[in-house]
Amino acid sequence: MKIATWNVNSLKQRLPRVLALLAQHRPDVVCLQETKTGADAFPEAELAEAGYAAVHYSAGRWAGVAVLAPVGAAPVEVARGLPGEVDAGEARWVEADVGDLRVVSVYVPNGRAVGTDTFAAKLTFFEAMADRAAAILDERGDRGVVLAGDLNVMRSDLDVYDPAAFAGSTHVTPEERGRFERVLATGLTDAYRHLHPDEPGYTWWDYRAGHFHKKLGLRIDYLLVSPDVAGRLTSCGIDREYRKGSKPSDHAPLLAELALA
DNA sequence: ATGCCTAACAGAGTTAGA
């Protein structure tokens, strides 16, 4: 089975590219972030025409997360909002069941600048995420869990095109990285890094100054998987084609394939 | 060429992204 996660930076603007992804990869699960759509404007009909059903948490112009799956195995909403986050109304967390899999689509706050209130809220979000991940894994036992999305943190300097330039800025601080490691320590595996220990695996490139073609990227999007799912991973990679061409997102989709359980 | 930022809201310029 195939699982994808993609920060689309507006589902409205990205709908043609999303439909292309669905047609090309026919994923069994898709986690979307930054849909930036109001609940009433979510393109359910267009997705249904492509054979996909959605569970989404939409809050208007910012953030917004969704889980898509084929209509024959439609996602079932479990929860929206992350217990303990500073503002659960921002639409950064949604949980759904897809078949035997528990799926979370998450968009961690950017944090803007170290020392700000939004940075503190980002740290709180990571702490709440670790608590919730631990609870889900405990509840689920051997049944699979996938926590996917834009985590807005570079796990190590391998994930940064110019670590020296990022020294002291958000996304690389010990506070953020330490909290991310605590999320992983609940029992989740960083799927891309697990299969590709030495490749950067960038998922985001600044729109400005031709960063994409200069290969100046960051790895901020992740597929985190429970132990049973980690054991079934057969591939994990970034489809860079979706960062090219007409009206791309600034993120490329991250995809993984699993052997059947 | 993979290419020099994009999107929402508004109706210009601000806010946000990372």
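Every chain is numbered from 1 and lettered A, B, ... according to where its sequence line falls, protein lines coming before strand lines.
Here, dT14(B) and dG3(B) have their C1' atoms 27 Å apart, quoted to the whole Å. When the P atom is used for both dA12(B) and dG17(B), the distance is 25 Å, rounded to whole Å. Comparing the same atom, C1', in dT6(B) and in dA18(B) gives a spacing of 13 Å after rounding to whole Å.
Among pairs with a residue in residues 110-122 of chain A, those fulfilling salt bridge (Lys or Arg N to Asp or Glu O under 4.0 Å) read Lys122(A)-Glu176(A), at least two apart in sequence or across chains. Residue pairs satisfying the ring pair (Phe, Tyr, Trp, His ring centres under 6.0 Å) criterion with at least one member in residues 119-150 of chain A, sequence neighbours excluded, are absent. Note on residues 208-227 of chain A: pairs passing salt bridge (Lys or Arg N to Asp or Glu O under 4.0 Å), not counting sequence neighbours, are Asp159(A)-Arg219(A), Asp190(A)-Arg219(A), Asp206(A)-Arg208(A).
Shown here are the side-chain contact (heavy atoms from CB on, under 4.5 Å) partners of Tyr107(A), two or more places apart in sequence or in another chain: Asn7(A), Gln33(A), Glu34(A), Ala63(A), Val65(A), Arg92(A), Asp150(A), Asn152(A). The side-chain contact (heavy atoms from CB on, under 4.5 Å) search around Ala50(A) returns Leu19(A), Leu22(A), not counting sequence neighbours.
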Once base and sugar-phosphate atoms are separated, protein heavy atoms under 4.0 Å mark nucleotides 8-18 of chain B, 5' to 3', with B, S and - as BS------SBB
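Sequence order on DNA chain B of the closest nucleotides to Lys247(A) and Lys244(A) puts Lys244(A) first from the 5' end.
Considering Tyr202(A), Trp204(A), Tyr161(A) in turn, Tyr161(A) is the only one that fulfils the ring pair (Phe, Tyr, Trp, His ring centres under 6.0 Å) rule with His211(A).
Contacts of Lys214(A) with the nucleic acid, taken as non-hydrogen atoms under 4.0 Å apart, are absent.
One finds no side-chain N or O of Lys215(A) lying less than 4.0 angstrom from the OP1 or OP2 phosphate oxygen of dT2(B).
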